Amino acid sequence: ISVHFTTIFCELERIGLSYKKLKRTAKECNETLRAEFVARMAQYDPSELGFIDEMSKDERTPGRCYGWSKKGKCVEKQQVFVRGRRTSTEALLTLDGIIAATVVEGSMTQELFLDWPENIVLPKCSAYPGPLNVLVMDNAKIHHGAEVLELIDRFGAL
């Protein structure tokens, strides 16, 4: 059977489906491991926790991917195509807000990252049990490695 794509589109629309931007979810996500992590974190008082995360930005970051227009008309918005200068930021979030941050031009390297916790973050931490003794980081590549664990062990944080 040969059917035009507009026929398929109309039928999908008729049964209540619409075209949307995909929500991307991590294929590697494991709900069992996630539940174990939540249970493990529940043993700590919120004052003991510090969350480290990173972000980067360039001139294209605020650009929109979708827009609205009348049917049959193109949607258009002028925006920057040239990346421009990239900045990367690492921050430490606690119950008191962001208490330590660093910004670098370009991408954050592991060498730059290791310097930040050693000189800024870990001096604010205390040994277990005490306030800010557990640092939680995501799986960014710069957060991995023996050097990171060695540095944190040296200061007595978890």
Side-chain angles (χ1 to χ4, degrees), residues 17-70 73-158:
L17 300 179
S18 64
Y19 182 74
K20 298 177 181 80
K21 187 170 185 177
L22 287 173
K23 177 183 176 186
R24 295 172 38 178
T25 56
K27 187 177 186 178
E28 302 82 4
C29 183
N30 181 317
E31 290 303 323
T32 303
L33 291 175
R34 181 186 295 239
E36 288 172 7
F37 173 77
V38 169
R40 192 168 58 246
M41 296 307 291
Q43 70 181 313
Y44 300 111
D45 184 86
S47 67
E48 295 179 273
L49 302 174
F51 297 89
I52 293 178
D53 205 1
E54 74 291 329
M55 58 100 30
S56 62
K57 176 203 174 301
D58 60 31
E59 296 303 319
R60 299 178 303 176
T61 302
R64 294 183 181 269
C65 296
Y66 288 91
W68 292 92
S69 70
K70 290 188 176 187
K73 300 281 185 181
C74 248
V75 63
E76 189 175 312
K77 178 185 183 276
Q78 286 188 345
Q79 59 189 46
V80 176
F81 274 70
V82 179
R83 179 180 302 168
R85 198 174 91 201
R86 174 180 276 299
T87 56
S88 298
T89 303
E90 287 277 341
L92 172 64
L93 179 66
T94 67
L95 284 177
D96 297 325
I98 294 175
I99 63 167
T102 186
V103 178
V104 297
E105 189 168 341
S107 295
M108 180 71 71
T109 64
Q110 190 171 45
E111 184 180 319
L112 290 170
F113 171 72
L114 287 171
D115 184 60
W116 178 64
E118 182 172 19
N119 296 310
I120 311 270
V121 174
L122 291 170
K124 297 177 186 291
C125 296
S126 61
Y128 182 81
L132 193 54
N133 64 71
V134 179
L135 296 175
V136 181
M137 295 180 264
D138 63 11
N139 62 350
K141 191 172 183 176
I142 61 173
H143 297 163
H144 289 261
E147 300 92 350
V148 176
L149 292 174
E150 178 186 309
L151 177 64
I152 292 171
D153 283 343
R154 208 168 57 219
F155 276 85
L158 296 177

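Nothing here was measured: the structure is a model prediction, and the numbers come from that model. One is the number of the first residue; the rest follow in order along the sequence.
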Got a second to check how far [X]'s [atom1] is from [Y]'s [atom2], nearest 0.5 Å?
| X | Y | atom1 | atom2 | answer |
| --- | --- | --- | --- | --- |
| M108 | D115 | CE | CG | 9.5 Å |
| I52 | F113 | CD1 | CZ | 5.0 Å |
| N30 | E36 | CG | CD | 8.0 Å |
| S126 | L132 | OG | CG | 6.5 Å |
| I142 | M137 | CD1 | CE | 9.5 Å |
| H144 | L149 | NE2 | CG | 10.0 Å |

**Study point:** Minimum heavy-atom distance P123-E118, with the two atoms named
**Key:**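 Looks like CD-O, 3.5 Å.
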Review point. Closest heavy-atom contact between L95 and S47?
Key: CD1-N, 3.7 Å
Exercise for review: Return yes if some donor-acceptor pair links the side-chain N/O of S88 with the main-chain N/O of G106 below 3.5 Å, else return no.
Suggested key: yes
Point to revise | T102 side chain to E90 backbone, donor-acceptor under 3.5 Å | key: no
Check your understanding: Which is it for V148 and H143 under the side-chain contact (heavy atoms from CB on, under 4.5 Å) test, yes or no, and what are the steps along the way?
Key -> CA-CA 7 Å; V148 176; H143 297 163; 5.6 Å; no
Review point. Would you find more than 12 non-hydrogen atoms of other residues, nucleotides or ligands less than 6.0 Å from Q43 atom CD?
Key: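 Yes, the 6.0 Å shell around CD holds more than 12 heavy atoms from other groups.
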Practice item. Measure the shortest side-chain to side-chain distance between V104 and T109 over non-hydrogen atoms and say whether it is less than 4.5 angstrom. Key: no
Review point. Given the rule in the side-chain contact (heavy atoms from CB on, under 4.5 Å) test, do T94 and K124 qualify, once you have shown the distances and angles that lead to the verdict?
Key: CA-CA 11 Å; T94 67; K124 297 177 186 291; over 6 Å; no
**Study point:** Criterion side chain to side chain contact (heavy atoms under 4.5 Å, CB included) against L92, the qualifying member of V121, D53, I98, I120
**Key:**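 The residue from V121, D53, I98, I120 that satisfies side chain to side chain contact (heavy atoms under 4.5 Å, CB included) with L92 turns out to be V121.
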